[in-house]
Chemist: 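I am attaching a structure below and will ask some questions about it afterwards.
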Protein chains: 2
Amino acid sequence: MADVNVSALSVSPKAGAKNDDSQGDEGIPAVELIELLFFAYRDFVGDADEHLERLGFGRAHHRVVHFVSRHPGMRVADLLAVLKITKQSLGRVLRELVDNGYVLQRAGDSDRRERLLYVTPKGEELARQLVALQTRRFARAFNECGPGARLEARKFLASMIDSESREEVEGLIARANAKKK
Amino acid sequence: MADVNVSALSVSPKAGAKNDDSQGDEGIPAVELIELLFFAYRDFVGDADEHLERLGFGRAHHRVVHFVSRHPGMRVADLLAVLKITKQSLGRVLRELVDNGYVLQRAGDSDRRERLLYVTPKGEELARQLVALQTRRFARAFNECGPGARLEARKFLASMIDSESREEVEGLIARANAKKK
DNA sequence: GAAAATAAGTCAATATGGCTGACGTAAACG
DNA sequence: CGTTTACGTCAGCCATATTGACTTATTTTC
């Protein structure tokens, strides 16, 4: 990273702050959290990026395979709603995944206009590998942070989501867990 | 988000898991955390995206203004190292920011090949506004999570960063804090 | 002092992943 | 039968990233 003048390497929360509220140093400036989240997310998606690159896929493919794997039989419209992208953007990515045998589409039973989405075994395996990579990162992190951190992180992450979409996301996760048992 | 068949809306950590370790439900599957991080980050950057859009800027501009504001006088090479992008990618973005009076460049004192980067008052104000937006999101989150969460989140986020880059990032943050005092 | 290395900028071509608008087709709804 | 819905697709645009090659200015090295 080059050395932009190395000094003040005191890693602990904050050195010369006027924050001295008895128990815990809660005076961590938000700008630190902003930067840490930026770098953490970059490395987090980096795990998958490497793997995907070898297959000629990108992040867009990742998201599709992931959510289709978690919600087998979901409709194209549902996927669009989750990803919040346009039909046209999804189109190319979905076509590539179908062409390469990672995803398949079947007309809906009750409504044959619907193209229900499923991952093939190949797609399921890809999704599994990608989850495994990122799971490893979480495992390492919680291993360092000690017990309780996992639950705390879950609460924290959920709280960072827009309050308007939080319930939708929690519902989505709950339904996926229910399906896959 | 459409209704992909609403059922099993049990939001609590995990319903039918075999995880019954006395005290805490630490059995939160990593896939939940993966998805929560995805949605949390999307909303997190969304805050800034809206604001930037009105100025005709994108995320790339955000990152540049942010880091230059935090590290006044940093060299172009340093910025490239932090952002891990190429000189060519940075080029356009930097030019636009300079042309619009958000960033200025000055030749280095000791080495006049260097173009040291500084934000103008206008750039500083933009950086401040963007930090304020994201700070608000963190504040809301910790308000919900209760005391201690801030410190926990800081540890968690730092632990999510690649171990090889963690020290660099911590050093970067420490140096920025030291500078701005 | 000449040669080499370094910091930065730039040109050109390319890829990815978004976007809008317009239009088509099949199926369901009423 | 006409309208709406679900999906797909064509065409074009934009932002952000990439690689490779080259220039300029300056510092360092021999």
Side-chain angles (χ1 to χ4, degrees), chain A residues 1-4 38 42 45-46 48-50 52-66 68 73-99 103-118, chain B residues 1-4 38 42 45-46 48-50 52-65 68 73-100 103-118:
Chain A
M1 195 174 271
D3 52 293
V4 196
F38 169 70
R42 186 224 260 155
V45 293
D49 283 350
E50 287 178 44
L52 290 159
E53 194 176 20
R54 292 197 289 268
L55 301 172
F57 290 151
R59 289 184 192 177
H61 303 84
H62 182 182
R63 294 196 282 270
V64 171
V65 166
H66 178 90
V68 172
M74 79 189 303
R75 299 175 308 150
V76 170
D78 295 331
L79 188 51
L80 291 175
V82 169
L83 301 180
K84 285 190 185 139
I85 58 173
T86 59
K87 193 172 40 163
Q88 294 88 331
S89 297
L90 179 59
R92 178 181 41 87
V93 170
L94 197 51
R95 192 177 343 105
E96 285 169 0
L97 286 171
V98 169
D99 289 352
V103 169
L104 57 85
Q105 295 168 289
R106 270 181 26 207
D109 262 357
S110 52
D111 186 338
R112 299 207 327 276
R113 289 172 306 181
E114 296 173 347
R115 305 295 161 84
L116 307 186
L117 301 171
Y118 299 87
Chain B
M1 197 174 272
D3 50 292
V4 196
F38 169 71
R42 186 223 260 156
V45 293
D49 283 350
E50 287 177 44
L52 290 158
E53 194 175 22
R54 293 196 289 269
L55 301 172
F57 290 151
R59 289 184 192 176
H61 304 84
H62 182 182
R63 294 195 284 269
V64 171
V65 166
V68 172
M74 79 189 302
R75 299 176 309 151
V76 170
D78 296 331
L79 187 51
L80 291 175
V82 170
L83 301 179
K84 284 191 186 138
I85 59 172
T86 59
K87 195 171 38 164
Q88 295 88 333
S89 297
L90 180 59
R92 177 186 47 87
V93 170
L94 198 50
R95 193 179 340 108
E96 286 168 0
L97 287 171
V98 169
D99 289 352
N100 288 284
V103 169
L104 57 85
Q105 295 169 289
R106 269 182 26 207
D109 262 356
S110 53
D111 186 338
R112 299 206 328 276
R113 287 173 306 182
E114 297 174 349
R115 306 294 160 85
L116 306 186
L117 302 171
Y118 299 88

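Residue numbers start from 1 in every chain, and the chains themselves are labelled A, B, ... in the order their sequence lines are given, proteins ahead of strands.
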Chemist: Mind checking salt bridge (Lys or Arg N to Asp or Glu O under 4.0 Å) for B/E114 and listing every partner two or more places apart, or none if nothing turns up?
Modeler: B/R75
Chemist: Among D/dT26, D/dA17, C/dG17, find the nucleotide with the atom closest to the side chain of A/A60.
Modeler: C/dG17
Chemist: Could you state the CG-P distance from A/L79 to D/dG8, rounded to the nearest angstrom?
Modeler: 10 Å
Chemist: Looking at every strand, decide which applies to A/R59 at a 4.0 Å heavy-atom threshold: base, sugar-phosphate, or nothing.
Modeler: sugar-phosphate
Chemist: Atom CG of A/D109 to atom C1' of C/dA28: distance rounded to whole Å?
Modeler: 15 Å
Chemist: Identify which nucleotide among D/dA17, C/dA8, D/dA6 has an atom closest to any side-chain atom of B/S89, counting heavy atoms from C-beta outward.
Modeler: D/dA17
Chemist: Find out whether A/L117 and A/L94 are in side-chain contact, i.e. whether some heavy atom of one side chain is under 4.5 Å from a heavy atom of the other.
Modeler: yes
Chemist: B/F57 CZ to D/dC14 C1': how many Å, rounded?
Modeler: 16 Å
Chemist: Which is more 5' along DNA chain C, the nucleotide nearest B/R115 or the one nearest A/G108? Just name the residue.
Modeler: B/R115
Chemist: State which of D/dT16, C/dG9, C/dG17 makes the closest approach to the side chain of B/H61.
Modeler: D/dT16
Chemist: Whole Å only: how far is the CD1 atom of B/I85 from the C1' atom of D/dA15?
Modeler: 13 Å
Chemist: Measure across A/D49 and A/R59 and return the closest heavy-atom pair with its distance rounded to 0.1 Å.
Modeler: OD2-NH2, 2.8 Å
Chemist: Just how far, in rounded Å, is C1' of C/dG9 from CZ of B/R75?
Modeler: 16 Å
Chemist: OP1, OP2 of D/dA17 versus side-chain N and O of B/T86: anything below 4.0 Å?
Modeler: no
Chemist: Taking CG from B/L83 and P from D/dT18, how many angstroms apart are they, rounded to a whole number?
Modeler: 10 Å
Chemist: Return the 5'-most residue of the pair B/L94, A/Q88 with respect to DNA chain C, ranking by each residue's nearest nucleotide.
Modeler: B/L94
Chemist: Would you say that more than 12 heavy atoms from the other residues, nucleotides or ligands in this model lie under 6.0 Å from the CG of A/D99, or not?
Modeler: yes
Chemist: Classify A/Q105 by what it touches in the nucleic acid, base, sugar-phosphate, or nothing, heavy-atom distance under 4.0 Å.
Modeler: sugar-phosphate
Chemist: Mind calculating the distance between CG (A/L80) and P (D/dT5) to the nearest angstrom?
Modeler: 16 Å
Chemist: Where do B/N100 and B/L55 land on the side chain to side chain contact (heavy atoms under 4.5 Å, CB included) test, with the steps shown first?
Modeler: CA-CA 10 Å; B/N100 288 284; B/L55 301 172; over 6 Å; no
Chemist: NA contact type, B/G91, heavy-atom cut-off 4.0 Å: base, sugar-phosphate, or nothing?
Modeler: nothing
Chemist: How many Å lie between CG on A/D111 and P on D/dT5, as a whole number?
Modeler: 12 Å
Chemist: Within the pair A/R95 and D/dG8, is there a side-chain N or O less than 4.0 Å away from OP1 or OP2?
Modeler: no
Chemist: Could you tell me whether the side chain of A/R113 has a donor or acceptor atom within less than 3.5 Å of a complementary atom in the base of D/dT5?
Modeler: yes
Chemist: Among C/dA27, D/dT18, C/dA8, which is the nearest nucleotide to the side chain of A/R112?
Modeler: C/dA27
